[in-house]
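In what follows, a structure is listed as structure tokens, so that the remarks can point back to it.
Throughout, a chain's letter reflects where its sequence line sits, starting with A, and its residues are numbered from 1.
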There are 2 protein chains.
Amino acid sequence: MKGRILEAARRIFGEYGFHGTTTRMIAQEVGIDISTLYYHWGEKADLYEAVVLDIYEDLRRKLSEVERAVQGKPLARRMEIALDTMTEYLFEHPEISNLILFRYFAKTRHASPLDFRVPELMGNIAYSMGLVADKKHMPVDARMKMLAVMNTIHSFVSGQNFFMPLLDIDRETYLPQVKETLKFLLIPPFLDLAGRIKVKKAGEKKAGEIGAGNDRS
Amino acid sequence: MKGRILEAARRIFGEYGFHGTTTRMIAQEVGIDISTLYYHWGEKADLYEAVVLDIYEDLRRKLSEVERAVQGKPLARRMEIALDTMTEYLFEHPEISNLILFRYFAKTRHASPLDFRVPELMGNIAYSMGLVADKKHMPVDARMKMLAVMNTIHSFVSGQNFFMPLLDIDRETYLPQVKETLKFLLIPPFLDLAGRIKVKKAGEKKAGEIGAGNDRS
DNA sequence: GAATGTTTCCATCAGTTGCTGGAGAGAAAT
DNA sequence: ATTTCTCTCCAGCAACTGATGGAAACATTC
């Protein structure tokens with residue numbers, strides 16, 4: 001039951017945000033009384049926090065999966081796979097993107113103890129993209145780049161119902177368009193960067209690991 | 001008075017969203033009774049719509065200004081100026097970015113009559129960036145690119161209070177970092193694109209207007 | 001200065017919100 | 001069989017929500 005409530009809460013919070021969601025909406029979605037909800041999860045803010053923690057965990061898992069899937073591939077291909085996979089995944093679970101974007105302007109924040117997970121998420125994927133050598137210690141500019149990439153995807157997912165009528169296209173056209181746009185925007189800068197790092201490194205020591213030998217199509 | 005209410009409503013709606021804002025919060029911000037608010041603006045949804053219309057107008061004005069400012073400059077410089085100017089502007093008026101992002105998942109939508117302004121905004125700036133030849137008729141992929149650019153900026157502005165502690169930097173470091181990241185991400189793809197279009201056009205007719213002769217640093 | 005129109009506030013409404021006490025229903029342990 | 005424990009619901013609370021009617025204050029016109 002506790003799990004069923006969490007699952008419903010994910011959907012509703014993801015769709016209406018914290019303030020737009022009432023505990024009665026969630027209870028009704030599950031088909032239970034609100035008292036049962038309070039019995040399992042305590043106050044609304046606690047349930048919300050559990051939801052956010054849950055989606056962060058999902059995101060972390062998916063990113064690890066991607067990280068493994070791209071190992072050994074050249075950078076351009078790595079980014080293609082990562083972007084495609086994450087885009088597809090988030091389109092299947094739009095509440096993840098919604099909840100993450102909702103958090104950006106949430107006044108409901110009491111400096112949640114789960115924010116420490118975000119740098120970790122960024123670190124892993126940045127490492128996997130050959131942006132940094134050290135998984136633990138990321139320079140600010142590398143983190144910014146990761147944030148930008150994630151935000152761009154999230155915006156397209158969260159904004160889909162807003163953008164589709166605006167562009168006058170349906171979902172089947174929208175998704176590939178998003179993928180294409182993401183690849184268009186995000187791959188060239190990182191290839192450039194990898195090229196620069198490679199050249200720089202080659203002048204010092206061996207050029208390993210990063211940007212495994214490939215140039216732009 | 002009507003104007004003062006609108007101004008306050010912009011701030012509060014931009015900070016707490018539609019559901020997170022109460023009419024009493026706005027009235028208190030102005031220092032008036034809620035009846036006065038209802039007298040001038042009618043129901044809450046109407047005021048909200050007026051606010052959204054207002055920020056779209058501001059955005060349109062600023063984009064026109066940018067469009068004029070970059071005329072005649074080479075593409076890379078054009079994008080630099082546009083990104084810097086818009087970033088600075090939106091950081092000064094974060095409620096604009098907030099309200100736009102809020103709209104992405106707004107269930108409060110009754111197919112507002114102001115959405116027609118968005119393609120117009122995109123058209124102007126895309127034309128100014130040499131992405132399209134015809135201001136009125138934009139292909140879907142060009143619109144997607146514009147949306148991506150705008151969304152990336154908005155995310156950084158709206159997420160500033162979330163990201164700054166995350167990156168462990170203060171506002172004075174954050175703003176230039178955002179600018180740098182935006183330029184890193186967004187300029188190379190468009191330079192590549194302009195290069196391709198230029199080459200293609202040169203093979204057919206004269207290569208004018210687009211990508212006025214410059215290559216990457 | 002009387003009449004008219006505009007703007008402001010006070011008091012109040014009905015409905016909704018987050019949340020709780022207490023009474024059962026059902027199973028498990030004694 | 002009784003006690004104990006976990007779970008679920010009903011009923012209801014106080015606070016807050018969006019919204020309104022009507023009385024004053026104020027300004028404008030005649």
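With rounding to whole Å, A/K2 atom NZ is found 13 Å from D/dT6 atom P. In this structure, OH of B/Y39 is placed 13 Å from P of C/dC9, rounded to the nearest angstrom. Per the geometry, CD belonging to B/Q28 stands 13 Å off P belonging to C/dC9, to the nearest Å. In this structure, CG of A/D33 is placed 17 Å from P of C/dG22, rounded to the nearest angstrom. Here C/dC19 presents its P atom at 15 Å from CH2 of A/W41, a figure rounded to the nearest Å. The nearest whole Å value for the distance from the CG atom in B/L37 to the P atom in D/dA19 is 10 Å. Atoms CD (A/E43) and P (D/dA15) sit 17 Å apart, rounded to a whole Å. When rounded to the nearest whole Å, the span between CE of B/M1 and P of C/dT7 equals 11 Å.
Within the 4.0 Å cut-off from OP1 or OP2 of C/dT6, not a single side-chain nitrogen or oxygen of B/H40 is found. Residue B/T36 places at least one side-chain N or O closer than 4.0 Å to OP1 or OP2 of C/dC9. Distances shorter than 4.0 Å separate some side-chain N or O of A/Y38 from OP1 or OP2 on C/dC19.
By the 4.5 Å heavy-atom criterion applied to side chains, B/L167 and A/M144 are counted as neighbours. Between B/L147 and A/F156 the shortest side-chain heavy-atom distance falls below 4.5 Å.
When heavy atoms are screened at a 4.0 angstrom cut-off, A/I34 is found touching base atoms of the nucleic acid.
Side chains of B/N151 and B/Y104: a donor on one and an acceptor on the other come within 3.5 Å. The closest side-chain donor-acceptor pair between B/T36 and B/D33, if any, does not fall under 3.5 angstrom.
The pair A/K145-A/D141 meets the salt-bridge criterion, with a side-chain N (NZ, NE, NH1 or NH2) lying under 4.0 Å from an Asp/Glu carboxylate O.
In A/E80, the CD atom is crowded: over 12 heavy atoms of neighbouring residues, nucleotides or ligands sit closer than 6.0 Å. In B/Q160, the CD atom is crowded: over 12 heavy atoms of neighbouring residues, nucleotides or ligands sit closer than 6.0 Å.
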Between protein and nucleotides 21-27 of chain D, map the contacts as a letter string: B base, S sugar-phosphate only, - none, heavy atoms under 4.0 Å, written 5' to 3'. B------
